Amino acid sequence: MFTGFDFDVIARSLPYLSQGMLFSLGLTVLSMIGGIVLGTVLALMRLAPFRVLHLPASGYVNLLRSTPLILVIFWFYFLVPLAMKRLSGDAYATGIGPFYSALIAFTLFEAAYYCEIIRAGIQSVPRGQVHAAFALGLTYGQAMRRVILPQAFRNMVPILLTQGIILFQDTSLVYVVGLTDFMGAASKIAQRDGRLVEMYLFAALIYFILCFLASYVVKRLQLRYSVGR
Amino acid sequence: MDFSVFFQPAFSGGGTYLDWVLSGIQWTLLVSILGWVIAFTVGSVLGVLRTTQRVVLRAPATLYVEVFRNVPLLVQMFIWYFVLPEIVPRALGDWMKTQMPMPEFWNAVLCLGFYTASRVAEQVRSGIQSIPRGQTYAGLAMGLTQPQVYRHVLLPMGYRIIIPPLTSEFLTIFKNSSVALTIGVLELTAQARQISEYTFRTFEVFTVATVVYVLITLTVTVAMRALEGKVRVPGYLGPAGR
């Protein structure tokens, strides 16, 4: 089946491919951090008893969760340079690269998904904990920061990481705006050398190994955390 | 903001840009619904296999789920479209490359269907596993065979339990259908980008596309909630119970 395949093309392009992989991983880690921070803020807003806070947050989350990621990437690829032009007054908006457009798009998109995870996590902390914190004289902010969120995050670690694996797979979609992540690098070489079969199968294999190992680690982590509860 | 752009005659094809949007919506719906038929059928079979006692049945289903879940959809899309015709037997490959009708469309449907099947399988499995063991034993004690227990006891209950997660899987396949633009299916997102390239009315065009996606999501959510209430088993779970 593999006769006539040129596996040397992979060896030849490894440096380029690993640069792409670094891009993918960097984008994943940065937008995961940004997504979790913003997601926490959104989750706290959604849980707040004030309409001014929870209505906009709910609207934002529902809007982004019903829009395809590709469309969101297109949106920000178009909006970010426009906004930068306004802000900097620079007619060509040279200061901002496509990487940042992608980063902003992924952060804002993932924040909607992280928000829902974190909201569920916060709601899974027993109510008595909140009452106990207030009874001790903690303010709302202190109770959240010192009592509720630490417990909520401990329960959520596996789900947050699983979402991170999904995010890593989703970063391959920056292909649609021509960025060179791992998949972008693979497809550029595939088209340059006319070696689509080898490159795409190789890309699939690498993604599979990384994501499979990562989900295995997350599963182990989950088992360990669920002990003692 | 100038939405009159949609009533201007389109760059090619005779109609207006509104016709492009409508045709995009049509392809989005076609790809997602046909893909969903595959995903639901294959996913149900795989989900059932994953709950059986026999390793010969369970292992292949587990392997399938792991492989399809851990490779990004975009990569799978390219494999269906670019790689598959090269590695299947010669005659079939040649047919796929030259005679297959609408190869982009059908490959996108198959790709989305088999990708989503792995996710549906997980939902079906967890639905079946959430039913108390006693129900299976009761079924077997009444003289039902194993397949009959699935057919009459486990699946009717399991499907009802997983209506909410299945709804979000359907919404996922519908959003994921936009990945089909990478192999040249002119669905809604692709049409939006194309119109914005011809007219430079990017803001208006993307707004309309986003609104359409949100409307379809809302419709599906409302419809599924109604279905959930309708098939609810009295005195059991359901939207009223939560």
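Keep in mind that what you see is a predicted model, and the values were worked out from it rather than measured. Every heavy atom of this structure was used, including side-chain atoms; hydrogens, water molecules and symmetry mates were not. Chain identifiers are assigned alphabetically (A, B, ...) following the order of the sequence lines, protein sequences preceding nucleic acid strands; residue numbering begins at 1 within each chain.
When each of A:Pro68, A:Cys211, A:Ser187 is scored by its heavy-atom pairs under 4.5 Å with chain B, the top score falls to A:Pro68. In terms of heavy-atom pairs under 4.5 Å with chain A, the best-connected choice from B:Val212, B:Thr221, B:Leu84, B:Leu74 is B:Leu74. In terms of non-hydrogen atom pairs under 4.5 Å with chain A, the most contact-rich of B:Leu73, B:Thr217, B:Leu188 is B:Thr217. The residue among A:Tyr200, A:Tyr175, A:Tyr207 with the most heavy atom pairs within less than 4.5 Å of chain B is A:Tyr200.
In this structure, chain A has heavy atoms under 4.5 Å from both the backbone and the side chain of B:Thr207. Looking at A:Phe78, only its side chain comes within 4.5 Å of chain B, counting heavy atoms on both sides. Contact of B:Leu171 with chain A is not made at all, since no heavy-atom distance falls under 4.5 Å. Proximity to chain A is absent for every atom of B:Ile216, based on heavy atoms less than 4.5 angstrom apart.
Nearest approach of A:Ala185 to A:Gly20, heavy atoms of both residues: CB-CA, 4.4 Å. The nearest pair of heavy atoms linking A:Asn155 to A:Ser124 is ND2-OG, 3.7 Å. Pairing each heavy atom of A:Ile118 with each of A:Met156, the nearest pair is CA-SD, 3.3 Å.
Residues B:Tyr213 and B:Phe174 bring their aromatic ring centres within 6.0 Å.
Residue B:Arg193 holds its CZ atom at 11.5 Å from OG1 of B:Thr202, rounded to the nearest 0.5 Å. To the nearest 0.5 Å, atoms CZ (B:Arg58) and CG (B:Leu46) are separated by 14.0 Å.
If you check the side chains of B:Arg69 and B:Ser118, you find no donor sitting under 3.5 Å from an acceptor. With 3.5 Å as the limit, one finds no donor-acceptor pair spanning the side chains of A:Thr67 and A:Trp75. Counted by atom type alone, B:Glu197 and B:Gln194 present zero donor-acceptor pairs between their side chains at under 3.5 Å. Side-chain polar atoms of A:Thr180 and A:Lys188 form a donor-acceptor pair below 3.5 angstrom.
Applying a 4.5 Å heavy-atom cutoff, the residues of residues 213-220 of chain A that approach chain B are A:Ser215, A:Lys219.
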